[in-house]
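Accompanying notes for the structure given below.
Numbering starts at 1 and runs along the sequence shown.
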Amino acid sequence: MTGRPPKLAFENGGEFIQQTRREVELYLSSRGTRLRGRLQLYAKSVVAFTLLAGSWTTLVFVRPGLVGGLLSLAGVVLGTILIGFCVQHDANHGAYFRTRRLNHLLGWTADALLGFSSYAWRVKHNVAHHTYTNVDGFDDDIDQTPFARMLPTQEPRPWYRLQHIYIWPLYTLMLLRWQTGADIAALMRGRIARSALHRPRGWDLAGMIGGKAVFISWAIVAPLLVYPWWIVVAGYVGFTMVTSLVTATTFQLAHCVEEADFTTAEQLAQAKRVWAVHEVETTVDFCPRNVVLTWVLGGLNFQIEHHLFPRVSHTHYPRIAQIVQRNAAVYGVRYTTQSSLYAALRSHQRHLRSLGRVGRQVEIEMG
């Protein structure tokens with residue numbers, strides 16, 4: 001791609017999303033439904049925070065042996081994953097509480113417990129990714145150049161031939177990259193992809209600095225007071241690599257697979273798309289009947305529903321998926337779901353191998 005891309009805009013409305021919203025609003029109009037969803041969300045949050053706090057306390061103050069230490073570290077990893085998927089994600093989307101202030105306060109767990117800026121993340125994820133899903137140059141989540149080629153329109157490189165192999169170690173470094181300064185670098189640039197990122201002020205700035213300090217204190221400084229440095233380094237790297245791998249894989253299985261659409265600003269300028277249809281056809285659900293995976297991932301295996309209703313708690317996604325899928329069939333919108341985790345991983349792997357073949361022309365399917 002050369003030159004400045006045209007201004008990107010989608011068409012709003014459309015019968016598909018209008019009817020879907022009516023049915024979702026009807027489903028959520030029941031007080032019992034809303035209460036049940038919130039209780040499930042709050043109960044899961046208690047489990048997540050208790051698991052993280054209990055496991056960390058055992059590691060630092062009890063100092064168990066090797067087996068106990070590894071189990072406690074696993075508890076820290078699982079607790080962090082639950083907080084990332086089920087707490088901060090809902091909160092930073094405005095889906096946890098009714099007020100913006102409380103949502104941002106709980107979303108600060110991304111800073112304090114995960115180590116990256118919730119202020120920058122809301123632009124990276126809520127704006128750049130959710131608004132411009134799978135649009136080359138606009139969706140930062142799928143821009144991994146020069147390390148990997150995720151879109152057909154990205155320039156081929158010889159080393160991409162092996163990207164389906166080396167991408168998995170790279171996924172383990174995603175969170176470490178954001179913890180060690182990628183969010184700060186984005187602030188210095190003043191943008192994430194082509195979405196503006198303004199310098200934080202006041203409480204936003206205090207939250208960013210304070211959050212980094214809290215994270216470094218509990219994840220690195222406190223363990224250094226009771227363990228040799230090399231054990232702390234090993235534990236921290238292991239913790240971030242596993243958490244990062246799970247996080248990166250979850251999001252890639254929803255968008256960087258064979259069945260998902262990809263497009264460019266130029267193509268959208270020539271043939272404008274309805275935003276809701278674009279979101280459904282650039283996103284893929286996976287493992288919809290896996291109750292355990294749905295619980296752990298905070299419903300993010302229902303990514304289609306999340307993209308259409310990001311301000312609705314993830315505890316409602318399985319039911320909303322039935323509504324979305326039914327209306328997609330009625331209005332001719334392609335709705336794709338992978339029945340198993342294996343099928344989703346295979347699709348992602350084939351997608352990487354296909355795009356890694358240097359010089360191969362891959363047409364973009366517009367749905």
Side-chain angles (χ1 to χ4, degrees), residues 44-45 48-49 51-52 55 73-93 95 106-118 120-126 128-130 133-134 139-144 147-148 150 166-183 186 192 211 215 219 235-257 260 283-287 290 292-303 306-307 310 314 317 338 341 344-345 348-349 352:
K44 187 186 296 189
S45 301
F49 284 117
L51 181 60
L52 176 58
S55 300
L73 183 60
V76 170
V77 171
L78 180 56
T80 303
I81 289 173
L82 289 174
I83 290 172
F85 284 137
C86 308
V87 180
Q88 76 83 23
H89 187 261
D90 272 39
N92 280 312
H93 270 294
L106 190 60
W108 186 70
T109 53
D111 300 75
L113 301 181
L114 303 178
F116 61 85
S117 168
S118 58
W121 188 87
R122 283 192 293 270
V123 175
K124 173 180 171 62
H125 185 72
N126 296 9
H129 173 62
H130 269 260
T133 308
N134 281 13
D139 184 355
D140 187 67
D141 284 4
I142 57 172
D143 186 3
Q144 305 298 328
F147 303 107
M150 298 292 181
Y166 68 70
I167 197 66
W168 303 102
L170 286 182
Y171 285 164
T172 67
L173 303 177
M174 181 194 71
L175 187 58
L176 184 64
R177 174 174 167 265
W178 273 82
Q179 289 172 347
T180 55
D183 47 3
I192 294 179
F215 177 76
Y236 171 71
V237 171
F239 151 70
T240 55
M241 289 180 69
V242 174
T243 305
S244 181
L245 178 62
V246 173
T247 303
T249 302
T250 298
F251 287 106
Q252 296 294 58
L253 293 186
H255 300 292
C256 292
V257 289
T283 309
V284 175
D285 285 356
F286 60 94
C287 305
N290 191 322
V292 174
L293 196 67
T294 299
W295 192 87
V296 172
L297 298 183
L300 291 181
N301 50 326
F302 290 94
Q303 281 275 342
H306 171 59
H307 273 250
H314 72 265
Y317 289 164
Q338 302 280 9
L341 182 60
L345 289 168
H348 180 52
Q349 188 81 346
L352 292 172

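F239 is listed as a side-chain neighbour of L73, based on a closest heavy-atom distance under 4.5 Å. No side-chain heavy atom of D143 sits less than 4.5 Å from a side-chain heavy atom of M150. Counting heavy atoms from C-beta on, the side chains of F302 and L297 never come closer than 4.5 Å. Residues F49 and L82 have side chains not in contact (no heavy-atom distance under 4.5 Å, counting atoms from C-beta outward). Taking 4.5 Å as the limit, some side-chain heavy atom of T249 sits within range of a side-chain heavy atom of L345. Taking 4.5 Å as the limit, some side-chain heavy atom of Q349 sits within range of a side-chain heavy atom of W168. Considering only heavy atoms from C-beta on, T247 stays 4.5 Å or farther from Y171 through its side chain.
Contact between I83 and A48 at its shortest, heavy atoms only, is CG1-CB, 3.7 Å. Minimum interatomic distance between A91 and G107 (heavy atoms only, all atoms of both residues): CB-N, 3.6 Å. Residues A110 and S118 share a closest heavy-atom pair of CB-CB, 4.0 Å. Taking every heavy atom of both residues into account, P310 and A95 meet most closely at O-CB, 3.7 Å. Between A120 and I192 the shortest heavy-atom distance is O-CD1, 3.5 Å. Across all their heavy atoms, L51 and G79 have their closest contact at CD2-N, 3.6 Å.
Partner of H306 under the ring-ring contact (aromatic ring centres under 6.0 Å, His included) criterion, out of H130, H314, H255: H130 alone.
In this structure, CG in D285 is found 10.0 Å from CD in Q338, a value given to the nearest 0.5 Å. Atom CG of L245 is separated from atom CG of L173 by 10.0 Å, given to the nearest 0.5 angstrom. Between the CG atom of L300 and the OH atom of Y317 there is a distance of 7.0 Å, given to the nearest 0.5 Å.
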Kindly indicate, with the supporting measurements, whether the criterion side chain to side chain contact (heavy atoms under 4.5 Å, CB included) is fulfilled by F215 and L113.
CA-CA 6 Å; F215 177 76; L113 301 181; 5.8 Å; no
Run N290 and L341 through side chain to side chain contact (heavy atoms under 4.5 Å, CB included) and show every step you take.
CA-CA 9 Å; N290 191 322; L341 182 60; 6.0 Å; no
Carefully, step by step, assess V284 and Q303 under the rule side chain to side chain contact (heavy atoms under 4.5 Å, CB included).
CA-CA 7 Å; V284 175; Q303 281 275 342; over 6 Å; no
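The main-chain N or O of V237 is found under 3.5 Å from a side-chain atom of T240 such that the two form a donor-acceptor pair. Side chain of D139 to backbone of N134: a donor-acceptor contact under 3.5 angstrom is found. In this structure, N301 contributes its side chain and F286 its backbone to a donor-acceptor pair below 3.5 Å. Judged by distance alone, with hydrogens and angles left aside, the side-chain atoms of T172 form no donor-acceptor pair with the main-chain N or O of M241 at under 3.5 Å. Judged purely by atom type and a 3.5 angstrom limit, H348 uses its side chain to pair as donor or acceptor with the backbone of C256. Looking only at distances, a side-chain donor or acceptor of N126 sits under 3.5 Å from a matching main-chain atom of N92. Panel note: side chain Q88, backbone G84; a donor-acceptor pair is recorded below 3.5 Å. A distance-only check finds a donor-acceptor pair linking the side chain of K44 to the backbone of W295 [under 3.5 Å]. With hydrogens and angles ignored, the 3.5 Å screen pairs a side-chain donor or acceptor of Q179 with a backbone N or O of L114.
The residues K124 and D183 are annotated as not salt-bridged, no charged nitrogen and carboxylate oxygen being separated by less than 4.0 angstrom.
Other residues, nucleotides and ligands contribute only 12 or fewer heavy atoms inside 6.0 Å of the CZ atom of R177. Atom OH of Y166 has more than 12 heavy atoms from other residues, nucleotides or ligands within 6.0 Å.
Between W121 and H89, the ring center distance clears the sub-6.0 Å criterion. Between F251 and H125, the distance separating the two ring centers is shorter than 6.0 angstrom.
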